[in-house]
Amino acid sequence: MRPVQPEVFLVARPAIDYGQMAAYLREVGGENWLERLDRGDLDDAQNLAEFAGKVCYRAWEPGLNPNVRRVRNDHAEYLANILKSAHGSVLEHASFTFVLHNISRVASHEIVRHRPGTAVSQESLRFVRLDDIPFWFPDWARQDPELMKRATALLDQMEDFQRWMADHFGLDEAGVPFHEKKHKTSFMRRLAPDGVATGMVWTANIRTLRHTIEARTDPGAEEEIRLVFGKIAELMRAEAPLLFGDYEVTDGAWVPQWRKV
Ligand SMILES: Cc1cc2nc3c(=O)[nH]c(=O)nc-3n(C[C@H](O)[C@H](O)[C@H](O)COP(=O)(O)OP(=O)(O)OC[C@H]3O[C@@H](n4cnc5c(N)ncnc54)[C@H](O)[C@@H]3O)c2cc1C
């Protein structure tokens, strides 16, 4: 058994091509809006959300759409109004990609239940052989010596059994065809615990992130997924504070001011 800790790496975020955006805005008379924007490294997701929202009403300047006499020029105010008015579809344009490392199959199974606005690439335990059993123990479990002794012995036995099966099936002998390795590796994973640590690449847009952060940090959610989504939430609040700044955090539960946008 190899003790591990679930980790979250944010590996990709949106990047605006401001040149192309400017070219479009020149066409529709909205260049001034672009001039007012901050364009720092972390501004693109929020700028993209505002851009998508402004396209809807041609709200770059008063008068471009005769029905629009006033426009909101303040970026923070504009995005707050998007959340308040539940205009969440504009948040779907900005996606973030995370590596969820050393999460268990318990957590990954729950994460893939979230469907709209996500993309998943999960480590295949049909292809990737378990030569050890990486495993996360929560703090309360680590403080229980008898539990740890018995759990560790059980996991060590499972680990030995994985190695025994690999040897028994001759998987490392020369000339074993890959389909045979795959067939047996897939069988072998059935004898690993649900808590075995593995990993996935998980992409979600901002609308989905807001919903999943709330659902999966709820006190009723499972403890590992709460830990993982707490980390995702911290990252997102730093990435896009105007779109994740309305959460109140109490005992690890992230509750937004504006629900289900
Ligand atoms: C605390 C907790 C306990 C849970 N316990 C269980 C359990 O015991 N058993 C179990 O099976 N699952 C359980 N789940 C999983 C839960 O039922 C959902 O499947 C999961 O949380 C995905 O969330 P979602 O339904 O909001 O869908 P998502 O896929 O995250 O979709 C987001 C939203 O899009 C809309 N949407 C998505 N798909 C559709 C659709 N097909 N039709 C209409 N609207 C749609 C809904 O408004 C939905 O809320 C639990 C989840 C939590 C957070």
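Positions are given from 1, in the same order as the sequence printed here. Both ligands and their constituent atoms are indexed starting at 1 by order of listing.
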Just jot down the ligand 1 atoms closer than 4.0 angstrom to any heavy atom of [X], in number order.
| X | value |
| --- | --- |
| A215 | 53 (C) |
| G220 | 1 (C) |
| A221 | 1 (C) |

Taking the minimum heavy-atom distance to atom 11 (O) of ligand 1, which of R216, H211, R113, H114 ranks first?
-> R113
Out of curiosity, M188 CE to Q162 CD, how far, rounded to the nearest 0.5 Å?
-> 5.0 Å
Electrostatic pair [X]:[Y] at N-O distance under 4.0 angstrom:
| X | Y | result |
| --- | --- | --- |
| R26 | E31 | no |
| R210 | E214 | no |
| R237 | E234 | yes |

Less than 4.0 Å from [atom], is there any heavy atom belonging to the protein?
| atom | value |
| --- | --- |
| atom 22 (C) of ligand 1 | yes |
| atom 7 (C) of ligand 1 | no |
| atom 35 (C) of ligand 1 | no |
| atom 4 (C) of ligand 1 | no |
| atom 32 (C) of ligand 1 | yes |
| atom 42 (N) of ligand 1 | no |
| atom 29 (O) of ligand 1 | yes |
| atom 26 (O) of ligand 1 | yes |

Taking atom types as modelled, find out whether T118 and R115 have a side-chain donor-acceptor pair closer than 3.5 angstrom.
-> no
Would you list the atom pairs, donor with acceptor, under 3.5 Å between side chains in residues 8-18 and any protein atom, with sequence neighbours excluded?
from : atom 1 : to   : atom 2 : distance (Å)
R13  : NE     : E239 : OE1    : 2.7
R13  : NE     : E239 : OE2    : 3.3
R13  : NH2    : E239 : OE2    : 2.8
D17  : OD1    : G19  : N      : 3.1
D17  : OD1    : Q20  : N      : 3.1
Y18  : OH     : D44  : OD1    : 2.8
Y18  : OH     : N47  : ND2    : 2.8

Flag the pair [X] / [Y] as yes when at least one side-chain heavy-atom distance between them is below 4.5 Å, and no otherwise.
| X | Y | result |
| --- | --- | --- |
| H87 | S89 | yes |
| P138 | E224 | no |
| L100 | S108 | no |

Look at atom 49 (O) of ligand 1 and say which protein heavy atom is nearest, naming residue and atom and giving the distance to 0.1 Å.
-> K260 NZ, 2.9 Å
Heavy-atom nearest neighbour in the protein, as seen from atom 39 (C) of ligand 1, with distance rounded to 0.1 Å | R115 NH2, 4.1 Å
